[in-house]
2 protein chains.
Amino acid sequence: MSDHPLREFDLHTFLPYRLVAAANRTSRAFAERYRSEFGISIAEWRVLAHLNHAGAVSVRDIEARVDMEKSKVSRAASRLQDAGYITKHVNGGDRRLLELRLTPSGQALVARLLPVAVAYQQEMLERLGDAAPGLIKALDILLRDLPPGNGET
Amino acid sequence: MSDHPLREFDLHTFLPYRLVAAANRTSRAFAERYRSEFGISIAEWRVLAHLNHAGAVSVRDIEARVDMEKSKVSRAASRLQDAGYITKHVNGGDRRLLELRLTPSGQALVARLLPVAVAYQQEMLERLGDAAPGLIKALDILLRDLPPGNGET
DNA sequence: CAGAATTCATTGCAAGTGCAACAATGTCAA
DNA sequence: TTGACATTGTTGCACTTGCAATGAATTCTG
């Protein structure tokens, strides 16, 4: 009859906490490989991966498809441009838009990056074993139901 | 036979990206409730939840158990102290250690916070439906296998 | 017991973040 | 056409973050 019932709540069994903690660890381990081997951040990796997949795209496009604020995209793109991995050109049709493109050097970087990414995913799937399909299904639901809301960390 | 095979890689099917995106959205929606209703951040929420569950604890303890850098814990604790929700006392036995404790005001805050957290988790479980056990199982594996690595955002 | 090594919490700093404001461009209606 | 409104990308700003350095306290070792 004391005030103890609240004490039963334990962060370690709290699903949102567990999800975020697992994601942070996954992300951090992955980011570490990219940073040490190639000197790029997660934001930059996302821009590169999307450019590789989609060809010439605008900042707005990337913002919409990659769960990043436009200012974050913009700055990541500037860093990539400074490093010579992408170019920015104003779109002829609508001069508010930029066309971001991989340079040959950027394509070469992506070609080295992707195998690392695929390998990391593969390790993850192996760790998960038969829990993998369940995770994928759950992520589908969460990504479908929750608003994009930009943030990353 | 062109250079296109790499193009097949799509961030949207990349498991680490999906995990992080889902976690960020979950976390952001949750943080929004806390911030608007109670004016506290996720870092502060974690400290409060752990103090509520564990009683008097040191910064080091929280760092180990809550996936946060000690500097982050330290600053969150200082903000909570300024707001009157916790106290800091030097431990008598080992004077390097702090004992963080909830004040009555902090206990009252937690009593209002926890139902919101439990309700949020409940909503999440309902959205997941029968995908929930699979997610829980996968998170168990990931949290067991991956190094703590601090970071959060 | 003295001095080296370790642990704990805080803080300075550089870098990154989100948000709001902004300039430039484009669209639409009267 | 003109003027109101919308959209795109960048930037200023205040704030947060992680890391390394620091100072205080404790433990270990010879």
Side-chain angles (χ1 to χ4, degrees), chain A residues 20 24-25 27-29 31-32 34-36 39-47 56-83 86-101 147-153, chain B residues 20 24-25 27-29 31-32 35-36 39-47 56-82 86-101 147-153:
Chain A
V20 170
N24 284 339
R25 294 184 191 186
S27 176
R28 167 169 291 249
E32 179 51 32
Y34 273 55
R35 200 182 48 72
S36 66
I40 68 170
S41 71
I42 293 229
E44 289 151 21
W45 144 252
R46 288 191 188 175
V47 171
V57 227
S58 69
V59 170
R60 183 65 176 173
D61 254 311
I62 302 181
E63 174 184 17
R65 294 178 179 279
V66 168
D67 251 65
M68 283 170 53
E69 268 260 324
K70 62 180 175 176
S71 63
K72 203 172 176 180
V73 174
S74 173
R75 293 192 250 238
S78 294
R79 289 190 295 266
L80 290 170
Q81 184 185 35
D82 290 347
I86 71 170
T87 57
K88 299 180 184 177
H89 290 297
V90 267
N91 180 310
D94 183 340
R95 284 157 53 205
R96 292 169 304 181
L97 295 171
L98 284 186
E99 280 179 0
L100 307 185
R101 278 178 201 283
N150 304 332
E152 174 209 2
T153 185
Chain B
V20 169
N24 285 339
R25 294 184 191 186
S27 177
R28 167 169 288 248
E32 178 51 31
R35 201 184 48 71
S36 66
I40 68 170
S41 71
I42 293 229
E44 289 152 21
W45 144 252
R46 288 191 188 176
V47 171
V57 228
S58 69
V59 169
R60 182 67 177 170
D61 253 311
I62 301 181
E63 174 184 17
R65 292 177 179 281
V66 169
D67 251 63
M68 284 168 53
E69 268 259 325
K70 62 182 174 176
S71 64
K72 202 171 176 180
V73 175
S74 175
R75 293 191 250 237
S78 293
R79 288 191 295 266
L80 290 170
Q81 184 186 34
D82 290 347
I86 71 170
T87 57
K88 298 179 183 177
H89 291 297
V90 267
N91 180 308
D94 182 339
R95 283 157 52 203
R96 292 169 304 182
L97 295 171
L98 285 185
E99 281 179 357
L100 307 184
R101 279 178 201 282
N150 304 331
E152 174 209 0
T153 274

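Chain naming here is simple, since letters A, B, ... match the order of the sequence lines and numbering starts at 1 in each.
- Between A:S58 and A:N91, the closest side-chain pair of non-hydrogen atoms is not below 4.5 Å.
- For B:R96, the side-chain atoms get nearest to D:dA25 when compared with the rest of D:dA25, D:dA6, D:dG18.
- Between A:K70 and B:K88, the residue whose closest nucleotide on DNA chain C is further toward the 5' end is B:K88.
- Put simply, A:R60 has a side-chain N or O that comes within less than 4.0 Å of OP1 or OP2 on D:dT8.
- Between the base of C:dG18 and the side chain of A:R75 there is a donor-acceptor pair shorter than 3.5 Å.
- C:dC8 atom C1' lies 11 Å from atom CG of B:N91, rounded to whole Å.
- Residue A:R95 places no side-chain atom within donor-acceptor reach of the base of D:dG9, judged by atom type and a 3.5 Å distance cut-off alone.
- Surrounding CZ of A:R79 are more than 12 heavy atoms belonging to other residues, nucleotides or ligands, all under 6.0 Å away.
- Comparing C:dC8, D:dC19, D:dG9 by their nearest atom to the side chain of B:E69 picks out D:dC19.
- Look at CG on A:D82: it is 14 Å from P on C:dA15, rounded to the nearest Å.
- Nucleotide C:dA24 holds its P atom 15 Å from the CG atom of A:L98, rounded to whole Å.
- One finds a salt bridge joining A:R25 and B:D67 here, because a Lys/Arg side-chain nitrogen approaches an Asp/Glu carboxylate oxygen to under 4.0 Å.
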